[in-house]
Amino acid sequence: MFLAFDDTDSTKGMCTTFLATEMIRAIDGLDLIGLPRLVRLNPAVPWKTRGNGALCIRFGKGKGRRTLAGRIGRKSIFSFDRGEEPEDSNDLFSIGAELLSNWSRVEEEASPGLVMSKVKPSPAIYWQAVRRVIEREMVENELDRIGARSIGLCGGRGIIGATAAMSWVPHDRTYEVLAYRKRGRWGSQRKITKEDVKLLDERFPSTFNNYDHDSDAVAIAPHSPCPILFGIRGDKVEDLPMAMASIRSEAKDRWLLYLTNQGTDDHVISVAGGLDPGSTYRMSGNIVRTPRTLPGGHVLFQLSANGSIVDCAAYEPSKGFRGKVRALQEGDKVQVIGELREQPRTLNLEKFELLELVDLKEKVANPRCPECDKSMQSLGSEAGFRCRKCGRKEDRSKAEFASVVRKIEPGWYEPPVCTRRHLSKPLKRMVARHRC
Ligand code: ATP
């Protein structure tokens, strides 16, 4: 039986993943089948609180191999490979609904939703919800079709995210271990040893997005007053508990492993037709206007792709990444990935690949007069040359040119860790040749 929920938190507190740990704690008679799923949805959705994450947990009577998936207080949490459906799911739904109502920050604009179903909704719901903005009606129709039970509070918009999380069938996946704080410390400054975080990449190469070396900042801990102490992401689930244990920190209240779509680029649409703001696109083309820096430090260039001109932007917070963008030139061929914003209408770069460099030439010497063998005089940047001695004229093309040495090589480039999106696939996870 799948139980999914979303939209329980606010910027002032809570976290929907914490509710997942509370559900597992409270639902005693049933086992966890597989790992709980933390599913990120379209990052461009305007009403998200932070990372647009929704949760789905499968409960049942556990069968087969069991592995440690977490610890809540003194209790070890195990996850089973497979399971049988519970005989009675009424309790599951009522416990879920009660916890949803107890923990959701409805007084701070949360709009929680809970969905329970034996059958998964169509994966098409996930693909729509991770890439576009979807209508509640479409979700409700699907829930009716599969015979799901649902409950929403304060509008219940969370039913959309909950249904989408339940419908996720991974084709690519990563894992995250989330460690939670003792309740008395919620809202206070987190105590985490920076040096331990710095070593994560080296000690556990299967983990990613741990430390931002550009800004010398820990990237595994949130800045909000939520219950999370830190989260470590990686490709090998078996490495994560050890990675977590390697971090000296304040006491943990609980921890749990999640299967996630983070770092998969599932949100990226390969452009085939028109572009609608509110989605993230991948497109290739030629730069038709060399990057320029705007007041405020944002860097903008124009790309000609799929028959239209798109303004691509690297905003100020992306820091050193902007230097790579500035090194691009008119005529370069690039592949870009970014979210299309409505106002101003720009493609906000998540990463780019420099495919081909234009052969940029610069004048290194004026031509010599074919009659007198003297260096000719320039008549201005567009006007050509004249021999001072015999008055002969030559056009600009007769000057001596050399290729400009470029400050960038073909390959992939991405912004620093702290400014990456949860769904963005880090270059570390990409098989293609890349440069950081
Ligand atoms: P978290 O803090 O858990 O990372 P979040 O708090 O940023 O996530 P929510 O508070 O869950 O985000 O708010 C997102 C809301 O948007 C939810 O109500 C969800 O149902 C809804 N939603 C998510 N994706 C879509 C989508 N593609 N189309 C329409 N609604 C969506």
Side-chain angles (χ1 to χ4, degrees), residues 4-23 36-57 100 103-115 121-143 148 150-168 176 178 180 186 209 220-228 230-231 233 256 258 260-263 266-269 276-281 339-340 342 420-424:
F5 38 94
D6 190 18
D7 209 334
T8 64
D9 53 9
S10 78
T11 47
K12 295 193 185 132
M14 249 302 277
C15 169
T16 309
T17 71
F18 180 79
L19 181 57
T21 67
E22 282 296 293
M23 296 251 181
R37 293 170 170 216
L38 165 56
V39 183
R40 301 284 177 181
L41 300 169
N42 185 356
V45 157
W47 44 83
K48 67 177 183 179
T49 315
R50 282 183 293 265
N52 202 6
L55 272 296
C56 177
I57 310 176
L100 187 84
W103 283 102
S104 295
R105 294 293 194 116
V106 286
E107 65 290 356
E108 290 155 7
E109 292 182 4
S111 182
L114 176 88
V115 176
S122 159
I125 300 270
Y126 166 72
W127 288 109
Q128 288 278 320
V130 77
R131 294 181 169 179
R132 313 260 180 204
V133 174
I134 61 172
E135 297 295 328
R136 173 88 170 259
E137 195 188 344
M138 171 180 145
V139 166
E140 298 282 3
N141 290 343
E142 180 64 1
L143 293 179
S150 66
I151 182 170
L153 307 172
C154 295
R157 189 160 50 202
I159 287 177
I160 300 176
T163 308
M166 199 186 280
S167 68
W168 178 45
E176 179 159 8
L178 284 174
Y180 298 85
W186 292 5
N209 288 356
I220 62 170
H223 298 289
S224 63
C226 77
I228 292 180
F230 62 77
R233 295 157 186 210
L256 192 60
Y258 294 87
T260 91
N261 63 343
Q262 293 168 158
D266 270 4
H267 64 310
V268 178
I269 301 170
D276 297 318
S279 288
T280 303
Y281 297 96
E339 179 195 320
L340 188 67
E342 177 121 51
R420 284 180 210 156
R421 299 211 122 147
H422 296 293
L423 275 161
S424 274

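A quick note: this is a predicted structure, and the numbers were derived from the prediction, not measured. As the structure lists them, so they are numbered: ligands from 1, and atoms in each ligand from 1.
The closest donor-acceptor contact from the side chain of N42 to the backbone of A129 lies at 3.5 Å or more, if one exists at all. Distance alone, capped at 3.5 Å, places no donor-acceptor pair between the N52 side chain and the P43 backbone. Not a single donor-acceptor pair under 3.5 Å links the side chain of S150 to the backbone N or O of L114. A donor-acceptor contact shorter than 3.5 Å links the side chain of R131 to the backbone of D266. Under the 3.5 Å distance criterion, the side-chain polar atoms of T49 are left unmatched by any main-chain donor or acceptor of T11. S167 places no side-chain N or O within donor-acceptor distance of the main-chain N or O of P121, the cut-off being under 3.5 Å.
For atom 17 (C) of ligand 1, the closest non-hydrogen atom on the protein side is D7 OD2, 3.2 Å. Looking only at heavy atoms of the protein, atom 8 (O) of ligand 1 is closest to G53 N, 2.9 Å. Scanning all protein heavy atoms for the shortest distance to atom 22 (N) of ligand 1 gives W47 NE1, 3.9 Å. Residue, atom and distance of the protein heavy atom nearest to atom 28 (N) of ligand 1 are I134 N, 2.9 Å. Atom 7 (O) of ligand 1 has as its closest protein heavy atom R50 N, 2.4 Å. Of the protein's heavy atoms, D9 OD2, 2.8 Å lies nearest to atom 2 (O) of ligand 1.
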Going through the checks in order, is the side-chain contact (heavy atoms from CB on, under 4.5 Å) test met by L19 and L55? CA-CA 9 Å; L19 181 57; L55 272 296; over 6 Å; no

Apply side-chain contact (heavy atoms from CB on, under 4.5 Å) to residues Y281 and D276 and explain how you reach the verdict. CA-CA 10 Å; Y281 297 96; D276 297 318; 3.8 Å; yes

Start with the C-alpha distance between N261 and R37, add both sets of side-chain angles, then the distance that settles side-chain contact (heavy atoms from CB on, under 4.5 Å), and finish with yes or no. CA-CA 9 Å; N261 63 343; R37 293 170 170 216; over 6 Å; no

Checking D9 against R50 for the side-chain contact (heavy atoms from CB on, under 4.5 Å) test, could you report, in this order, the C-alpha distance in whole Å, the side-chain angles of both residues, the deciding distance, and whether it holds? CA-CA 9 Å; D9 53 9; R50 282 183 293 265; 3.1 Å; yes

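No N or O atom of I159 sits closer than 3.5 Å to an N or O atom of ligand 1. For ligand 1, one of its N or O atoms has an N or O atom of T49 under 3.5 Å away. In terms of polar-atom proximity, defined here as any N/O pair under 3.5 Å, S111 makes no such contact with ligand 1. Backbone and side-chain nitrogen or oxygen atoms of L41 are examined, and none is located within less than 3.5 angstrom of a nitrogen or oxygen of ligand 1. When only interatomic distances are considered, the shortest N/O to N/O separation between A162 and ligand 1 does not fall below 3.5 Å. Below 3.5 Å of separation, one finds an N or O of G161 facing an N or O of ligand 1. At least one N/O-N/O distance between R132 and ligand 1 falls below 3.5 Å.
The ligand atoms of ligand 1 that sit less than 4.0 angstrom from a heavy atom of T16 are 3 (O). Listed by atom number, the atoms of ligand 1 under 4.0 Å from R157 heavy atoms are 18 (O), 19 (C), 20 (O). Shown in contact with G158 at under 4.0 Å from a heavy atom are these atoms of ligand 1, numbered in order with element: 18 (O), 20 (O). Of all atoms in ligand 1, listed by their number and element, those nearer than 4.0 Å to a heavy atom of G51 are 4 (O), 7 (O). Close approach to K48 involves these atoms of ligand 1, each under 4.0 Å from a residue heavy atom: 7 (O), 12 (O), 13 (O), 14 (C).
Between the CE atom of M14 and the CD1 atom of I228 there is a distance of 10.0 Å, given to the nearest 0.5 Å.
Less than 6.0 angstrom separates the ring centroid of F18 from the ring centroid of W186.
Compare N42, D6, V45 by their heavy atoms: the one nearest to atom 26 (C) of ligand 1 is in V45.
With hydrogens and angles left out, the side-chain atoms of R40 and H267 include no donor and acceptor closer than 3.5 Å.
Under a 4.0 angstrom heavy-atom cut-off, R40 registers as being in contact with ligand 1.
Counting heavy atoms closer than 4.0 Å to ligand 1, residue N52 contributes atoms from both its backbone and its side chain.
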